[in-house]
Novice: 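If you scroll down you'll find the structure; I have some questions about it.
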Amino acid sequence: MARNSIAKYLLLVFIVTVLFQLNRSAVAQEHLLVNIQAVQDELGVTDNEAVTTKLAELVEKYRKLESMVAFEVTGGRSFMSLPTRQQNEARPKITAKVRELDKLAAEELKLILTEEQITRLAQLRVQAFGAEGIVSGNFKEQIGMDENQLKEMRTSAKAFAESFASDRSEELSKMTQDDARKLFFDEMTAHVLAQLTEEQQQKYKEMTGEPAELPRFKGLR
């Protein structure tokens, strides 16, 4: 697959990710980040072997538990193999069970990290979400967005994502996957933030804290 084709595919992932996140509760999922080197650096735990070991064990524990949820709900069948009607019936049950696991993981994190580190971890999660977190509605209550504004933003973001690859095709063809993904992520985030009011932008800034150099994360909810 040519570089430009790969870049276009990566940009369309944004739309899929947002659609997956729509109407999902913003239950804390910070445990999905704590095993990442850049996050541990930000938390100041990189050289604390006792803490990093506990974090690695927690991540592994909840990854295994969450990987079993869909099979439990579907009776051992593959979710993707189910007819659409059965997928629609199973999805809210899976989401509810995963949210409960997220809550349990958040409580366990409090036994490992300090209150200050927990606060910073929450900020890093918002940063990791970027534009996707805003467009999906994960933070609409904290930011103060209503449904009309959210609907307009989703339409605008989708149009931006669809046009980005074609408008920047020559530039993207010369970039690596990672560079193309970062460029898109940064510009989409700027595009989305520009549609917030000054008050909403300030609230979002407070939620993110000091900017950090973070890799793009997969699997966030």
Novice: Between the side chains of K203 and E199, is the shortest nitrogen-to-carboxylate-oxygen separation below 4.0 Å, so that they form an ion pair?
Specialist: yes
Novice: Output, in order, the C-alpha distance, side-chain angles, deciding distance and verdict of side chain to side chain contact (heavy atoms under 4.5 Å, CB included) for K110 and E107.
Specialist: CA-CA 5 Å; K110 294 177 182 178; E107 290 302 313; 3.2 Å; yes
Novice: Tell me whether L111 is reachable from L121 by hopping between hydrophobic residues (I, L, V, M, F, W, Y) whose side-chain heavy atoms are closer than 4.5 Å.
Specialist: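 No, L121 and L111 fall in different hydrophobic clusters.
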Novice: M68 and F79: same hydrophobic cluster, using ILVMFWY side-chain contacts below 4.5 Å?
Specialist: no
Novice: Within the 4.5 Å heavy-atom criterion, are L196 and M153 side-chain neighbours or not?
Specialist: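 Heavy-atom side-chain distance check passes, below 4.5 Å.
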Novice: Take atom NZ in K54; do more than 12 heavy atoms of anything else shown fall under 6.0 Å from it?
Specialist: no
Novice: A194 and Q201: which non-hydrogen atoms are nearest, and at how many Å?
Specialist: CA-NE2, 4.0 Å
Novice: Do Q200 and Q149 have side-chain atoms, one donor and one acceptor, less than 3.5 Å apart?
Specialist: yes
Novice: Rounded to the nearest 0.5 Å, how far apart are CG of D102 and OH of Y62?
Specialist: 9.5 Å
Novice: Between Q142 (side chain) and Y204 (backbone), is there a donor-acceptor pair under 3.5 Å?
Specialist: no
Novice: Is it true that a side-chain atom of T95 and a backbone atom of P92 form a donor plus acceptor pair closer than 3.5 Å?
Specialist: no
Novice: Please find the pair of heavy atoms, one from F185 and one from F129, that lie closest to each other, and give the distance.
Specialist: CE1-O, 3.8 Å
Novice: Ignoring hydrogens and geometry, is there a side-chain-to-backbone donor-acceptor pair from Q127 to E210 under 3.5 Å?
Specialist: yes
Novice: What pair of heavy atoms forms the shortest contact from L124 to A212, and how long is it?
Specialist: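 Closest approach of L124 to A212: CD2-CB, 3.8 Å.
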Novice: Quick one: does I143's side chain get under 4.5 Å of M207's, heavy atoms only?
Specialist: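 Yes, side chains in contact.
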Novice: Under the rule for ring pair (Phe, Tyr, Trp, His ring centres under 6.0 Å), what residues qualify as partners of F160, not counting sequence neighbours?
Specialist: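 Result, ring pair (Phe, Tyr, Trp, His ring centres under 6.0 Å) vs F160: F164, H191.
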Novice: Is there a side chain to side chain contact (heavy atoms under 4.5 Å, CB included) between V34 and V45? Walk through the geometry before answering.
Specialist: CA-CA 10 Å; V34 293; V45 301; over 6 Å; no
Novice: In Å, rounded to the nearest 0.5 Å, how long is the span from CD of E66 to CG of L101?
Specialist: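 E66 CD to L101 CG: 5.5 Å, rounded to 0.5 Å.
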Novice: To the nearest 0.5 Å, what is the distance between CG (N138) and CZ (R125)?
Specialist: 6.0 Å
Novice: What do the steps show when you test L109 against Q117 for side chain to side chain contact (heavy atoms under 4.5 Å, CB included), and what is the final call?
Specialist: CA-CA 10 Å; L109 273 178; Q117 289 169 333; over 6 Å; no
Novice: If you round to the nearest 0.5 Å, how far is CD of E187 from NZ of K182?
Specialist: 10.0 Å
Novice: By the definition side-chain contact (heavy atoms from CB on, under 4.5 Å), identify the one residue from D47, V51, T52, L33 that meets it with Q40.
Specialist: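 Going through D47, V51, T52, L33 one by one, the side-chain contact (heavy atoms from CB on, under 4.5 Å) with Q40 is satisfied by T52 alone.
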Novice: Is it the case that the side chain of R77 and the backbone of F71 share a donor-acceptor pair, with hydrogens and angles ignored and the cut-off at 3.5 Å?
Specialist: no
Novice: So, using side chain to side chain donor-acceptor pair (under 3.5 Å) as the criterion, who are the partners of Q123 when residues are at least two apart?
Specialist: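 For Q123 the side chain to side chain donor-acceptor pair (under 3.5 Å) partners, ignoring immediate neighbours, are R120.
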Novice: For a quick check under 3.5 Å, do N88 and R91 share a side-chain donor-acceptor pair by atom type?
Specialist: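 The criterion, which ignores hydrogens and geometry beyond distance, is satisfied for R91 and N88.
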Novice: Taking all atoms of both residues into account, what is the closest heavy-atom pair of A157 and V135, and its distance?
Specialist: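 Distance-wise, the nearest heavy atoms are CB-CG2, 3.9 Å.
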Novice: For a quick test of reading the model, state the closest non-hydrogen atom pair linking V192 to A131 and the distance between them.
Specialist: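 Taking V192 first and A131 second, the nearest heavy atoms are CG2-CB, 3.8 Å.
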Novice: Is T53 reaching over with its side chain to a backbone N or O of A50, donor-acceptor style, under 3.5 angstrom?
Specialist: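 Flag not set: sc T53 to bb A50 has no pair under 3.5 Å.
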Novice: Working to the nearest 0.5 Å, report the span between CD of Q195 and CE of M145.
Specialist: 8.5 Å
Novice: Can we say E89 and R85 salt-bridge, meaning some charged N sits less than 4.0 Å from an Asp/Glu carboxylate O?
Specialist: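 Between R85 and E89 there is a salt bridge, with a charged N closer than 4.0 Å to a carboxylate O.
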Novice: Return the CD to CG distance between E60 and L65, rounded to the nearest 0.5 Å.
Specialist: 10.0 Å
Novice: Would D41 and Q37 count as a side chain to side chain contact (heavy atoms under 4.5 Å, CB included) here? Give the steps.
Specialist: CA-CA 6 Å; D41 289 345; Q37 181 69 53; 3.0 Å; yes
